Amino acid sequence: QDAEVVRTRDPQRLAQCDVVVDVGGEYDPERHRYDHHQRSFTQSMRSLRPDKPWTTKLSSAGLVYCHFGSQILAGLLGQPEDGPVVSALYDKLYENFVEEIDAIDNGIAQAEGQPRYALTTTLSARVGHLNPRWNDPDQDTEVG
């Protein structure tokens with residue numbers, strides 16, 4: 001609740017952070033490091049939670065959801081973390097929202113061959129529109 005959010009790739013600053021997400025080249029839940037950009041990273045929901053069926057490679061968002069989603073949902077709903085309501089909502093939210101983020105962030109195509117339609121309003125596309133264009137002379141992502 002009172003966390004300070006820092007956007008950086010500076011390893012010295014990252015080393016001082018309690019939680020690091022999507023940067024740092026390290027996945028270590030014991031130290032709260034949730035990056036998926038290592039060549040060796042192949043984790044999926046199923047590999048981390050064998051009771052789950054999804055095999056899509058996790059993004060950093062998926063990693064955070066995998067580790068904390070049930071706890072957050074339980075807190076928001078006032079329900080037990082291992083109860084049927086939280087379990088059902090956790091699965092539906094992953095299947096219908098977070099898995100798409102995982103797939104898009106990891107470059108996994110939605111369909112084999114030619115897509116039948118364009119997806120232009122995904123969450124990932126909307127976030128991407130906030131980034132500077134590749135040829136913009138000002139690449140500062142904090143301007144805005």
Side-chain angles (χ1 to χ4, degrees), residues 1-79 81 85-144:
Q1 176 176 329
D2 298 320
E4 175 188 358
V5 177
V6 177
R7 261 184 83 130
T8 186
R9 294 184 192 279
D10 178 353
Q12 292 176 337
R13 296 244 4 236
L14 293 175
Q16 297 171 5
C17 295
D18 295 324
V19 179
V20 178
V21 178
D22 209 33
V23 295
E26 183 179 9
Y27 169 57
D28 183 356
E30 297 291 319
R31 294 181 42 246
H32 294 294
R33 299 308 191 244
Y34 304 99
D35 194 8
H36 69 111
H37 291 104
Q38 316 74 280
R39 287 187 192 270
S40 61
F41 185 88
T42 59
Q43 300 295 339
S44 67
M45 187 64 80
R46 180 179 223 159
S47 70
L48 295 177
R49 296 189 60 176
D51 61 316
K52 303 299 179 193
W54 304 286
T55 58
T56 301
K57 181 180 168 184
L58 295 171
S59 66
S60 295
L63 282 170
V64 170
Y65 187 76
C66 180
H67 288 283
F68 299 103
S70 292
Q71 179 184 350
I72 292 167
L73 290 169
L76 290 170
L77 297 170
Q79 296 281 323
E81 190 173 338
V85 171
V86 171
S87 294
L89 187 55
Y90 179 91
D91 288 353
K92 287 296 183 186
L93 193 55
Y94 183 77
E95 185 174 16
N96 294 295
F97 184 67
V98 179
E99 187 177 26
E100 174 186 320
I101 296 168
D102 289 340
I104 290 171
D105 197 17
N106 284 302
I108 299 169
Q110 184 183 21
E112 300 285 330
Q114 194 71 9
R116 294 186 186 100
Y117 56 91
L119 287 176
T120 59
T121 60
T122 65
L123 178 62
S124 296
R126 290 172 188 239
V127 170
H129 290 303
L130 299 173
N131 292 326
R133 295 174 57 97
W134 70 271
N135 60 352
D136 190 335
D138 183 5
Q139 291 292 314
D140 186 355
T141 58
E142 299 301 314
V143 174

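For the numbers below, each heavy atom of this structure counts, side chains included, while hydrogens, waters and symmetry mates do not. Quantities reported herein were computed from a predicted structural model and do not represent experimental measurements.
The nearest pair of heavy atoms linking P29 to H67 is CB-CE1, 3.6 Å. The shortest heavy-atom contact between R46 and P53 is NH1-O, 4.1 Å.
Ring-plane geometry between Y27 and Y34 is classed as tilted, the angle between the planes lying from 30 to 60 degrees on a 0 to 90 degree scale.
Counting only heavy atoms from C-beta outward, the side chains of F97 and L123 approach each other to under 4.5 Å. Between T8 and L14 there is a side-chain heavy-atom pair separated by less than 4.5 Å. Within the 4.5 Å cutoff, the side chain of V19 has no heavy atoms near those of the V64 side chain. Residues V98 and W54 have side chains not in contact (no heavy-atom distance under 4.5 Å, counting atoms from C-beta outward). In this structure, the side chains of Y90 and I72 stay at 4.5 Å or more apart for every pair of heavy atoms.
Looking at D28 and R31, a side-chain N of the basic residue comes within less than 4.0 Å of a carboxylate O on the acidic one, giving a salt bridge.
The OG atom of S44 sits 10.0 Å away from atom CD of E99, with the distance rounded to the nearest 0.5 Å. Put simply, CD on Q79 and CG on L73 are 11.0 Å apart, with the number rounded to the nearest 0.5 Å. Here the CG-CG distance, from L89 to L77, works out to 6.0 Å after rounding to the nearest 0.5 Å.
Without hydrogens or angle criteria, N106 side chain to I108 main chain gives no donor-acceptor distance under 3.5 Å. The backbone N or O of T56 lies less than 3.5 Å from no partner atom in the side chain of D102, so there is not a single donor-acceptor pair. Remark: side-chain polar atoms of N96 are paired, donor with acceptor, to backbone N or O of K92 under 3.5 angstrom.
The only option from D22, D18, V23 that meets the side-chain contact (heavy atoms from CB on, under 4.5 Å) definition with V20 turns out to be V23. Tested against L58, the residues L63, I101, D105 include a single side-chain contact (heavy atoms from CB on, under 4.5 Å) partner, L63. With respect to C66, the side-chain contact (heavy atoms from CB on, under 4.5 Å) criterion is satisfied by exactly one of Q43, M45, K52: M45.
Donor-acceptor pairing under 3.5 Å is lacking for the side chains of R49 and Y94.
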